[in-house]
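Report on the structure given below.
To find a chain, count down the sequence lines: A is the first, B the second, and so on, and within it residues start at 1. Note that this is a predicted model, so its numbers are computed, not measured. Computation of the quantities below employed the complete heavy-atom set of this structure, encompassing side-chain atoms and omitting hydrogens, waters and symmetry-equivalent molecules.
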2 protein chains.
Amino acid sequence: MVTSDEVARLAGVSRTTVSRVLSGSGRISEEVRQRVLEAAASLGYEPNVVAQSMVRQRSRTIALGLFHVEEGLSFSRLGETKHYFYLDVLKYIEEEAANAGYDLLQPSRPLGRTPESYVRALQTRQVAGAVMLALSSTDPRIPALIQAHIPTVFIDAVGQGPGATYVKGDHVSGARQVTEHLLALGHKRMAFFVGPSSNMFGMERLFGAQQALASAGRSLDPGLVRQSGWNMQQAYEAAAQLLSERRDFTAIIAGSDLMAIGILRALRERGLHVPGDVSLSGFDDLELASYIDPGLTTVRQDRVAMGRSAIQLLLRLIQGEQHLAPFVLPTQLIARQSTGPAPSV
Amino acid sequence: MVTSDEVARLAGVSRTTVSRVLSGSGRISEEVRQRVLEAAASLGYEPNVVAQSMVRQRSRTIALGLFHVEEGLSFSRLGETKHYFYLDVLKYIEEEAANAGYDLLQPSRPLGRTPESYVRALQTRQVAGAVMLALSSTDPRIPALIQAHIPTVFIDAVGQGPGATYVKGDHVSGARQVTEHLLALGHKRMAFFVGPSSNMFGMERLFGAQQALASAGRSLDPGLVRQSGWNMQQAYEAAAQLLSERRDFTAIIAGSDLMAIGILRALRERGLHVPGDVSLSGFDDLELASYIDPGLTTVRQDRVAMGRSAIQLLLRLIQGEQHLAPFVLPTQLIARQSTGPAPSV
DNA sequence: CTGAAAGCGCTTACAG
DNA sequence: CTGAAAGCGCTTACAG
């Protein structure tokens, strides 16, 4: 690797000057500037990023924390909704970080998996900040990161502090919209499939549904609220269970599109038609939602804004701004064929 | 941040000794060892990783190259098969890298997007090696990485050199198995949906299918081979096109599960039943494949082995081994309900 | 406008 | 077994 020393020698200047020319800081005579630039180009010089991080006491790096690393899903099957949904968010995180000249890093952590070890790993790597994607709301890294004053943006998890804020979808509104949609179609009794209890959004959505029901002078039947994992299999099982117990509902509101696909299978196996017998809605609007049969009514979240705004907020935190307000991104009902008029009794 | 100097002072030894105790290198008296360990623990000391990388001239970091960063899919929609499929592979890459104590890094590259700039980015970050996931076979970074002698393992892309090797699924065998399965069901004319021409696996699969057909004394009709993107939408469009042209086939072999879902929709819209009128198979065995209706016959690839073996090979390359043989992972037919006996004419 | 010197926090020959 | 010193490749006060 070429060093700044070689460039300096070739250009007949000091390393100080090379550094200044390349970083664009300080007054430099145009003639020297040209000489240095030419020398650097001819040698194919680029500054050693590690050395820069060392001297600056901070690397131009953003740590990326993902659900699936932490939750010990090592042997779980593919198909967690979150993965499919957040994959796209991830893409925009990468893009936006790259545009800002930041590397993305997933640190290894040999020393146990305590939240402290995670924070320590970020500190010893001198990361500028962290983006944490879809952590469980009980993840102990959330308070640890906030307390350590590492600039952090949480996506779909709630964490706030002087140097931390979050971005999330408006689940309350999303659930309200679906519920209103179903009420308008004449449905009076609906079942709700929410995610695991460690996830706050299930509760938010339930709240949104309750709002809509209350506005219509109705209330939620607790016996029709079911919890399951975000994936197809667990939703399938929970739906089979529900169907074996009772069938006094005409619609099911699923917590994710993949859950809806699992539920759809359980309905099919019982010979129930969607939406003829039961209306069904998802959440997320995966591309898949429009391809399955029947096309799935669902709630769209803005994945682009989610990824981009997370990095934009983080950059502001890195630059020292404090106490940034969280972003709550709008959600939108996408009505397709899986919801229809309530069957007349 | 605590430095080794503070630990040294507290323990009453030199930084040299602190370093040796913590790295476990060199003879150290038991008593001194204890003192240092206690001092480090009480101060919460961990070595600065950036400084270590600096002095070692190499960071304990693996660069991770992903399809979607390079291909400029910024505005594409969600649903590229690759993403869903490789997401799981990615998980095992992360796991295996973390076990070996390596960070994963996605470098930003502001200076144009030439293959040279990519290589340079890895070099200036002193990465130990790179894992490149599902690059297009024409990606110029493949030769660039090989030539730069950066230890690299390609996954589902072919690249070889003294310090580079690859891991891929056995697409030939997978396609042969599906084709044989369909032949056994009495199908005589089948259509093939392969991926983009820049992707070699489409060709491999075609070759596998040809092998099976040849063994049965049959040959491939070039007019029944269609190219499209790996996603639902493009496969849907290509299938609609094919169906508008001709219908003298009884089975469709899709290049991925998501393509199969797109094709399924096109068939449905024409009132064709699967497998009554047309048998349909996918590739990948996403969990989804068993949930859609009808359950999708497909080819399973071993994602766990794909991720894990890639890192294991890379670690050997990093340690200096050369010219490692590529891993070709077995594929396995998973027969479900979407394939059935050929309709009698 | 330019440079000599110090220093970022480690590790590693080299001595003893 | 232990330590003083050099050095990894930069950047940044401090001088001039």
- Item | Nearest-nucleotide 5' precedence on DNA chain D, A51(B) against E31(B) | E31(B)
- Would you classify R56(A) as touching base, sugar-phosphate or nothing, given that sugar-phosphate means primed atoms plus P, OP1 and OP2, and contacts are heavy atoms under 4.0 Å? sugar-phosphate
- Item | S19(B), nearest nucleotide to its side chain (from dG9(C), dT2(C), dT12(C)) | dT12(C)
- Query: OH of Y45(B) versus C1' of dG9(C): gap in Å, rounded?
  - Reply: 7 Å
- Query: Between atom CZ in R9(B) and atom C1' in dT2(D), what is the gap in whole Å?
  - Reply: 18 Å
- Message: In this structure, how many angstroms lie between the C1' atom of dG7(C) and the CZ atom of R58(A), rounded?
- Response: 19 Å
- State whether S23(B) places a side-chain N or O below 4.0 Å from either non-bridging phosphate oxygen (OP1 or OP2) of dT11(C). no
- Message: Need the pair for dA13(C). Rule: Watson-Crick or G-U wobble, both distances under 3.5 Å, any strand; none if unpaired.
- Response: none
- Message: Within 45 degrees of the ring normal and closer than 6.0 Å to the centroid, is that where the cationic atom of R308(B) sits relative to Y92(B)?
- Response: no
- Message: Mind checking if V32(A) touches a base, just sugar-phosphate, or nothing, with heavy atoms under 4.0 Å?
- Response: sugar-phosphate
- Query: Any chance CD of Q147(A) has more than 12 other-residue heavy atoms, nucleotides or ligands included, within less than 6.0 Å?
  - Reply: no
- Look through every strand shown and name the nucleotide pairing with dA4(C) as Watson-Crick or G-U wobble, where both distances are under 3.5 Å. none
- Smallest heavy-atom separation, Y45(B) atom then V18(B) atom, equals CE2-CG1, 4.5 Å
- Message: Does dG9(C) have OP1 or OP2 under 4.0 Å away from a side-chain N or O of Q57(A)?
- Response: yes
- Task: Could you state the atom-to-atom distance from CD of Q126(B) to P of dT11(C) in whole Å?
- Result: 15 Å
- Which whole-number value in Å describes the distance from D5(B) CG to dC8(C) C1'? 13 Å
- Nearest-Å distance, CE (M54(A)) to C1' (dT12(D))? 15 Å
- Give a yes/no on whether any side-chain N or O of T16(B) is located under 4.0 angstrom from OP1 or OP2 of dG3(D). no
- Message: When you measure from the side-chain N and O atoms of Q52(A) to the phosphate of dT11(D), is any distance below 4.0 Å, counting only OP1 and OP2?
- Response: yes
- Query: Heavy atoms under 4.0 Å, any strand shown: does V36(B) hit a base, just sugar-phosphate, or nothing?
  - Reply: nothing
- Message: Side-chain N or O of T17(A) versus OP1/OP2 of dG3(C): is the shortest distance under 4.0 Å?
- Response: yes
- Query: What heavy-atom pair brings G161(A) and I146(A) nearest, and what distance separates the two atoms?
  - Reply: CA-CG2, 3.9 Å
- Closest to the V13(B) side chain, choosing from dT2(C), dG9(C), dG3(D): dG3(D)
- Message: I'd like to know whether E6(B) forms a salt bridge (charged side-chain N to carboxylate O under 4.0 Å, His left out) with R9(B), so could you lay out the CA-CA distance, the side-chain angles of the two residues, the decisive distance to 0.1 Å, and finally the verdict.
- Response: CA-CA 5 Å; E6(B) 300 173 47; R9(B) 268 205 298 271; 5.7 Å; no
- Task: Just call it for V7(A): base, sugar-phosphate, or nothing, with non-hydrogen atoms closer than 4.0 Å on any strand.
- Result: nothing
- Send over the distance from R20(A) CZ to dA13(D) P, rounded to a whole Å. 11 Å
- Query: What is the distance, rounded to the nearest whole Å, between atom CZ of R33(A) and atom P of dT2(C)?
  - Reply: 12 Å
- Message: Are the side chains of R125(B) and L105(B) in contact, using a 4.5 Å heavy-atom criterion?
- Response: yes
